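Every chain is numbered from 1 and lettered A, B, ... according to where its sequence line falls, protein lines coming before strand lines. Because only heavy atoms are used, hydrogens play no part in the values below, and waters and symmetry mates are left out as well, while side chains stay in. Here the structure is a predicted model, which is why all the values come from computation and not from measurement.
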There are 2 protein chains.
Amino acid sequence: MPETDNTEARILEAAKQVFYRKGLDGARMQEIADEAGINKAMLHYYFRTKEKLFDKIFLEALGKILPKIATTLGSDAPLAEKFDVISGYYHDLLLSTPYLPVFVVQTLQHNPDRLLQFIITQSGINPAETFGKFLMQIQQEVALGNIRPIDPRHLVLNLISMCVFPFMMRPMFIRIIGMKDEAFEAFVNERRHLVPQLIMQSIQPDQPPPD
Amino acid sequence: MPETDNTEARILEAAKQVFYRKGLDGARMQEIADEAGINKAMLHYYFRTKEKLFDKIFLEALGKILPKIATTLGSDAPLAEKFDVISGYYHDLLLSTPYLPVFVVQTLQHNPDRLLQFIITQSGINPAETFGKFLMQIQQEVALGNIRPIDPRHLVLNLISMCVFPFMMRPMFIRIIGMKDEAFEAFVNERRHLVPQLIMQSIQPDQPPPD
DNA sequence: AGAGAAATTAACCACTTGGTTAAACCATGT
DNA sequence: ACATGGTTTAACCAAGTGGTTAATTTCTCT
């Protein structure tokens with residue numbers, strides 16, 4: 001009785017490759033089977049339908065993206081550290097899986113309801129709660145005069161935008177700038193620290209706080 | 001001899017709606033025909049194949065995205081004005097066509113070569129040249145002590161990221177934050193001016209320049 | 001070794017897909 | 001009126017799609 005079956009794992013890995021690159025509509029079951037080196041019927045034997053197999057991949061993808069940022073924002077660490085952690089996490093993640101963000105974003109554009117399914121079933125996190133904690137931290141720092149008043153939603157969105165968007169633009173960016181793949185990875189590695197620095201700088205108060 | 005045929009325009013409009021929302025693979029010719037209120041055979045009569053029709057839509061989409069930023073960056077306007085113009089342009093564009101960025105990015109992930117086709121055939125702009133002009137402007141301002149030294153590629157990428165990415169995240173964002181559509185549009189309208197402000201602030205020198 | 005269950009395969013199926021075709025329609029000029 | 005050209009339609013088609021099935025191989029336990 002093979003619990004973590006080898007075939008099942010190979011199917012999931014192959015499905016990930018194909019779905020990430022081509023999306024639900026563009027992927028072919030035959031292609032996934034070929035990539036896994038097995039018969040097409042096996043896909044339906046392990047995962048009944050294409051959609052079921054896709055859901056497995058997609059929910060796993062969301063699991064890589066959402067919980068980390070939620071728990072980090074809701075932690076007790078100081079602001080600067082949170083930004084560093086989030087930027088580092090996303091840069092590591094997207095350097096190893098560059099197709100991930102477009103895959104997620106295109107899937108949600110085609111069918112936004114898949115997200116709710118994730119929030120309900122997976123992810124034990126409560127977005128409102130963790131975000132509320134982060135909001136309180138901001139308010140405290142503002143009250144202390146350590147940072148200027150700012151909408152935390154903009155703050156987080158700016159951070160994530162600058163971390164993730166460059167990977168979505170990669171195919172366009174490297175062709176317009178005329179950049180090799182290694183150069184892009186070096187370039188984006190600079191951003192790993194540039195982005196949180198910029199975010200921190202953007203919330204510094206106009207004049208330094210009195211001692 | 002109808003030059004700007006009504007039917008052709010209706011097809012293009014319908015194709016835009018469907019392709020933007022579902023991408024090349026997800027779109028069905030029948031659905032485009034229904035949306036245009038015509039027979040499916042008409043699509044092939046005006047545009048021979050699905051790909052040809054898609055290319056028309058996609059190249060038009062790139063035309064909305066690329067030339068504006070290129071000409072703006074290459075103009076003689078001061079930096080702050082350039083950032084204002086670009087942010088305003090993208091916010092206007094994406095408020096009216098929210099599906100555009102994911103459509104472009106997903107198309108380029110599936111087939112990056114379509115971009116080269118655009119750069120060659122369309123767009124009379126030379127990326128290297130216009131970007132070189134922008135680079136010189138940065139170097140001048142740095143030499144004058146008006147801004148701190150910064151890689152212009154990061155600068156532009158940060159600007160575009162914070163303008164465009166929120167629209168890609170919209171389906172996820174509004175469901176996690178629990179936001180109505182109108183609230184999102186108000187929220188993103190705040191960013192229209194917040195983003196260029198943040199960008200300008202990020203390049204201010206550490207101490208103000210001597211008079 | 002051999003029975004029984006699980007895994008794997010090849011062949012097949014109903015249906016959808018993009019695309020075609022031939023006939024019908026309609027406008028215009030003579 | 002009618003010939004001519006572009007336009008529109010309904011019916012059709014071959015290829016590809018996700019999915020099924022029944023038979024075969026492989027594994028496991030006694």
key: Minimum-distance nucleotide to Lys50(A) side chain [options: dT9(D), dA10(C), dG18(D)]   = dG18(D)
inquiry  = Between P on dA10(C) and CD1 on Ile38(A), what's the gap in Å once rounded to a whole number?
reply    = 12 Å
query = Parallel, tilted or perpendicular for Phe167(B) and His91(B), by the 30°/60° rule?
reply = perpendicular
query = So, Asn189(A) versus Glu185(A): side-chain donor-acceptor pair below 3.5 Å or not?
reply = no
task = Using only side-chain N and O atoms of Tyr46(A), determine if any of them is under 4.0 Å from OP1 or OP2 of dT8(C).
result = yes
Residue whose closest nucleotide on DNA chain D lies nearer the 5' end, Asn39(A) versus Asn39(B) = Asn39(B)
message = In this structure, how many angstroms lie between the P atom of dG18(D) and the CE atom of Met29(A), rounded?
response = 7 Å
ask   = Is the phosphate of dT8(C), meaning OP1 or OP2, less than 4.0 Å from a side-chain N or O of Thr7(A)?
value = yes
ask   = Quick one: the side chain of Lys40(B) and the base of dG19(C), do they pair up donor-acceptor inside 3.5 Å?
value = yes
query = Looking for any heavy atom pair under 4.0 Å, which part of the strands does Ala27(B) touch: base, sugar-phosphate only, or nothing?
reply = sugar-phosphate
task = Using atom CD of Glu31(A) as one end and atom P of dT17(D) as the other, report the distance to the nearest whole Å.
result = 10 Å
request  = Whole angstrom is fine here: how far is it from CD1 in Ile32(A) over to P in dT17(D)?
outcome  = 12 Å
query = If every non-hydrogen atom of Ile65(B) is compared with every non-hydrogen atom of Tyr90(B), which pair is closest and at what distance?
reply = O-OH, 2.8 Å
key: Distance in angstrom units between Leu43(B) CG and dT8(D) P, rounded   = 12 Å
task = Round to a whole Å and report the spacing from CD of Glu8(B) to P of dT8(D).
result = 11 Å
request  = Figure out the CZ/C1' separation between Phe19(A) and dG18(D), and round it to whole Å.
outcome  = 11 Å
query = In whole Å, what is the span from the NE2 atom of His44(B) to the C1' atom of dA11(D)?
reply = 15 Å
ask   = So does Arg28(B) get a side-chain nitrogen or oxygen closer than 4.0 Å to the phosphate oxygens (OP1/OP2) of dT16(C)?
value = no
task = Check every strand shown and say whether Met42(B) touches a base, only sugar-phosphate, or nothing at a heavy-atom separation below 4.0 Å.
result = base
ask   = Quick one: do Lys16(B) and Glu13(B) make a salt bridge, cutoff under 4.0 Å?
value = yes
message = Assess, by modelled atom type and distance only, whether the side chains of Glu141(A) and Gln137(A) contain a donor and an acceptor separated by less than 3.5 Å.
response = no
